[in-house]
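Along the sequence shown, the residues carry numbers beginning at 1. Basis for what follows: all heavy atoms, side chains included, without hydrogens, waters or symmetry-related copies.
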Amino acid sequence: MTRPLRFAVNMLSGGTSAEWREKCRRAEALGYDVILVPDHLGMPAPFPSLVAAAEATERPRVGTFVLNAGFWNPTLLAREVASTDQLTGGRLELGLGTGYVRAEHERAGLPFGSPRERVDHLERTVTELTRLLADPEHCPAAAQSPRVPLLLGGNGNRVLRLTARHADIAGFTGTAKDAAGNLRLISPDALQERVAAYQGFAAGRAEPAELNYLVRTVAAGGDRRALARDLLADTPGLTEDEVLAHPALLTGTVKDMAEQLRGHRERYGFTYFTVVEPALEAFAPVIEELRG
């Protein structure tokens with residue numbers, strides 16, 4: 001059975017208490033299913049922001065997108081997760097990743113490590129967090145049992161295998177680091193190969209995971225090719241046709257973008273789409289179009 005579509009917004013800025021709560025209420029009114037907060041220095045702290053978001057709203061779930069595992073000790077993280085799940089009435093979704101910004105780790109006085117070391121730490125974190133939250137003696141206890149829904153995000157085989165073993169939600173970014181260490185979008189065909197690799201790793205699962213994708217750009221307008229040409233400067237290595245086909249880059253009218261998402265569900269299996277905060281308003285009519 002095909003999963004229903006879900007839509008989330010990743011909030012990148014905070015503000016005063018009143019501003020934050022109003023923004024979250026606006027996301028709820030626009031039809032978003034999940035309000036997410038990233039984990040970067042210079043942005044709002046995830047867990048207090050999510051508690052405030054849940055207090056200001058009634059329907060949306062709340063989540064991290066995604067925590068940098070290198071910032072967190074698993075035991076202390078279990079306390080934060082359980083407390084936040086209780087305070088949000090069991091509405092928390094936990095997103096975890098390895099972290100990819102060396103400068104943030106250096107500012108925090110934390111080791112960045114090699115890619116292997118970062119994945120090792122992510123695996124330890126997932127294993128220990130699962131153990132702690134499933135322990136009936138753990139205090140505080142999470143509202144959801146045996147743990148909150150877990151999203152793992154990544155692109156490499158080790159993270160995809162970890163995701164296949166443990167995650168309720170598989171998060172795809174469709175990016176990889178170039179020779180200079182900068183994140184770049186991979187091609188639609190390369191993304192399809194990564195999804196296929198994940199599906200191979202997850203073949204033995206009893207319950208398929210939900211597949212999430214991060215939409216980076218929502219460019220509204222009538223001429224999709226003209227919009228794609230405008231995006232080429234920010235998408236090195238992609239052709240115009242690849243920009244038009246890429247699930248990270250929605251272009252055109254509301255009906256155009258809705259049709260693109262239907263196509264991405266068919267091609268990749270994505271049913272849970274996240275947009276970034278600047279697209280909060282522009283993407284809302286697409287949600288309405290898809291839900292009829």
Side-chain angles (χ1 to χ4, degrees), residues 6-73 76-110 125 140 142-143 148-153 169 171 173 175 183 212-218 248 272-284 287:
R6 289 205 300 160
F7 304 99
V9 57
N10 201 26
M11 299 294 203
L12 306 181
S13 61
T16 66
S17 175
E19 290 168 342
W20 175 250
R21 284 168 166 78
E22 177 56 32
K23 187 161 54 176
C24 293
R25 285 191 288 266
R26 181 60 177 161
E28 179 176 32
L30 290 172
Y32 288 91
D33 301 292
V34 192
I35 295 169
L36 299 169
V37 177
D39 187 21
H40 291 294
L41 298 183
M43 294 185 181
F47 291 115
S49 298
L50 296 178
V51 172
E55 288 176 346
T57 60
E58 296 181 1
R59 178 184 52 80
R61 295 181 66 79
V62 297
T64 57
F65 196 81
V66 293
L67 294 183
N68 290 300
F71 287 177
W72 296 92
N73 169 286
L76 299 180
L77 179 57
R79 180 183 66 175
E80 296 292 320
V81 169
S83 298
T84 302
D85 196 39
Q86 282 287 356
L87 293 171
T88 61
R91 290 157 65 184
L92 180 64
E93 295 180 1
L94 179 66
L96 279 172
T98 60
Y100 62 91
V101 184
R102 177 186 293 273
E104 291 187 352
H105 288 73
E106 292 173 349
R107 284 174 60 194
L110 296 169
T125 300
V148 303
L150 176 65
L151 178 151
L152 291 178
I169 307 163
T173 61
T175 59
L183 283 179
N212 172 276
Y213 194 77
L214 173 61
V215 177
R216 296 173 179 273
T217 300
V218 177
Y272 178 10
F273 293 94
T274 299
V275 300
V276 291
E277 183 182 340
L280 175 72
E281 298 284 344
F283 186 72
I287 299 176

Could you check if a side-chain atom of [X] sits within less than 4.5 angstrom of a side-chain atom of [Y], using non-hydrogen atoms only?
X: F273; Y: N212; value: no
X: L77; Y: N73; value: no
X: E93; Y: V62; value: no
X: S13; Y: E277; value: yes
X: L94; Y: L67; value: yes
X: L36; Y: T64; value: no
X: P149; Y: R61; value: yes
X: F65; Y: L151; value: yes

Handout entry: Chi angles and distances behind the ring-ring contact (aromatic ring centres under 6.0 Å, His included) call for F283, F7
Key = CA-CA 10 Å; F283 186 72; F7 304 99; 5.7 Å; yes
Exercise for the section: Ignoring hydrogens and angles, state whether a donor on the side chain of R91 or T57 is under 3.5 Å from an acceptor on the partner side chain. Expected result: yes
Give, for atom [atom1] of [X] and atom [atom2] of [Y], the distance between the pair rounded to the nearest 0.5 Å.
X: L50; Y: I35; atom1: CG; atom2: CD1; answer: 9.0 Å
X: L183; Y: T175; atom1: CG; atom2: OG1; answer: 4.5 Å
X: L280; Y: K23; atom1: CG; atom2: NZ; answer: 8.5 Å
X: E106; Y: E104; atom1: CD; atom2: CD; answer: 10.5 Å
X: I287; Y: R6; atom1: CD1; atom2: CZ; answer: 12.5 Å

Heavy-atom pair of closest approach, residues [X] and [Y]:
X: N68; Y: G99; answer: OD1-CA, 2.9 Å
X: A142; Y: D85; answer: CB-OD2, 3.6 Å
X: P44; Y: L12; answer: CD-O, 3.8 Å
X: A8; Y: Y32; answer: C-CD2, 3.7 Å
X: T125; Y: A69; answer: OG1-CB, 4.3 Å
X: S49; Y: V37; answer: CB-CG2, 4.1 Å

Practice task
With side-chain contact (heavy atoms from CB on, under 4.5 Å) as the test, would you mind laying out the steps for E281 and R26 before giving the verdict?
Solution key: CA-CA 9 Å; E281 298 284 344; R26 181 60 177 161; 2.9 Å; yes
Handout entry: Short N-O contact, R25 and E22, less than 4.0 angstrom
Key = yes
Practice task
Identify, with sequence neighbours excluded, every residue that meets side-chain hydrogen bond (donor to acceptor under 3.5 Å, both in side chains) alongside R216.
Solution key: none
Fill in the blank from the handout: Taken in chain and number order and not counting sequence neighbours, the residues that satisfy ring pair (Phe, Tyr, Trp, His ring centres under 6.0 Å) with W72 are F47
Handout entry: side-chain contact (heavy atoms from CB on, under 4.5 Å) assessment of N10 paired with V275
Key = CA-CA 6 Å; N10 201 26; V275 300; over 6 Å; no
Practice task
Write out all pairs satisfying salt bridge (Lys or Arg N to Asp or Glu O under 4.0 Å) with one or both partners inside residues 32-58, taking only residues at least two apart or from two chains.
Solution key: R21-E55, D33-R59, D33-R291
